[in-house]
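Written out below as structure tokens is the structure these notes cover.
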Amino acid sequence: VRLYNYGFHQHEIEHNILNPRNPIRDNLRLWLQMEEGKGLTVHDWSGLGRNGTLTGTMPWVRNVRERLLAEVLA
């Protein structure tokens, strides 16, 4: 999940699709890669330190099957 404070142009969208590990960082406000694999906290990779914490719910767990499918389709 990446949140920006402006709308993208077509070439910026294409860049982020083709470079998921190296997205455009201008105006990036939150980037949750969810690389932890499970838990109640996800770390913000934007450099702004806006980690996310789940409350009132069970811990999340990565669905490996869906991730593998997404990697094959990419």
Side-chain angles (χ1 to χ4, degrees):
V1 174
R2 288 189 298 263
L3 298 176
Y4 293 84
N5 68 347
Y6 78 105
F8 275 0
H9 295 283
Q10 182 67 32
H11 69 279
E12 294 169 314
I13 295 169
E14 291 171 359
H15 172 87
N16 278 0
I17 289 171
L18 296 173
N19 301 282
R21 298 263 181 212
N22 187 26
I24 294 170
R25 295 191 181 247
D26 292 342
N27 297 302
L28 180 60
R29 296 297 176 242
L30 179 70
W31 181 11
L32 304 176
Q33 289 193 46
M34 302 183 84
E35 291 293 322
E36 295 81 4
K38 62 182 178 178
L40 291 173
T41 301
V42 290
H43 295 95
D44 179 12
W45 289 59
S46 73
L48 299 175
R50 296 177 173 155
N51 298 333
T53 303
L54 298 173
T55 58
T57 186
M58 296 175 55
W60 68 277
V61 177
R62 177 182 297 133
N63 184 328
V64 176
R65 181 178 172 273
E66 288 182 12
R67 181 176 178 174
L68 293 174
L69 179 59
E71 290 176 358
V72 168
L73 294 176

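Just so you know, residue 1 is the first one in the sequence shown, and it goes up from there.
Remark: Asn51 pairs with Thr41, His43, Asp44 by the side chain to side chain contact (heavy atoms under 4.5 Å, CB included) rule, at least two apart or across chains. For Asn19, the side chain to side chain donor-acceptor pair (under 3.5 Å) test picks out His15, with sequence neighbours left out. Applying the side chain to side chain contact (heavy atoms under 4.5 Å, CB included) criterion to His11, with sequence neighbours excluded, gives His9. When the side chain to side chain contact (heavy atoms under 4.5 Å, CB included) test is applied to Glu14, the partners found at least two apart in sequence or on another chain are Gln10. With sequence neighbours excluded, the residues satisfying side chain to side chain contact (heavy atoms under 4.5 Å, CB included) with Asn27 are Asn5, Tyr6, Arg29.
Interatomic distance, CH2 of Trp31 versus CG of Leu48, reported as 12.0 Å (0.5 Å rounding).
Connection of Trp45 to Leu3 is not established within any shared hydrophobic cluster, with ILVMFWY side chains joined at heavy-atom distances below 4.5 Å, either directly or through further cluster members.
Applying the 4.5 Å side-chain rule to ILVMFWY residues, one finds that Leu18 remains a lone member of its cluster.
The heavy-atom pair separating Leu32 from Gly52 by the smallest distance is CD2-N, 4.4 Å.
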Apply side chain to side chain contact (heavy atoms under 4.5 Å, CB included) to the pair Asn16 and Ile24, showing each step before the final yes or no. CA-CA 7 Å; Asn16 278 0; Ile24 294 170; 3.8 Å; yes
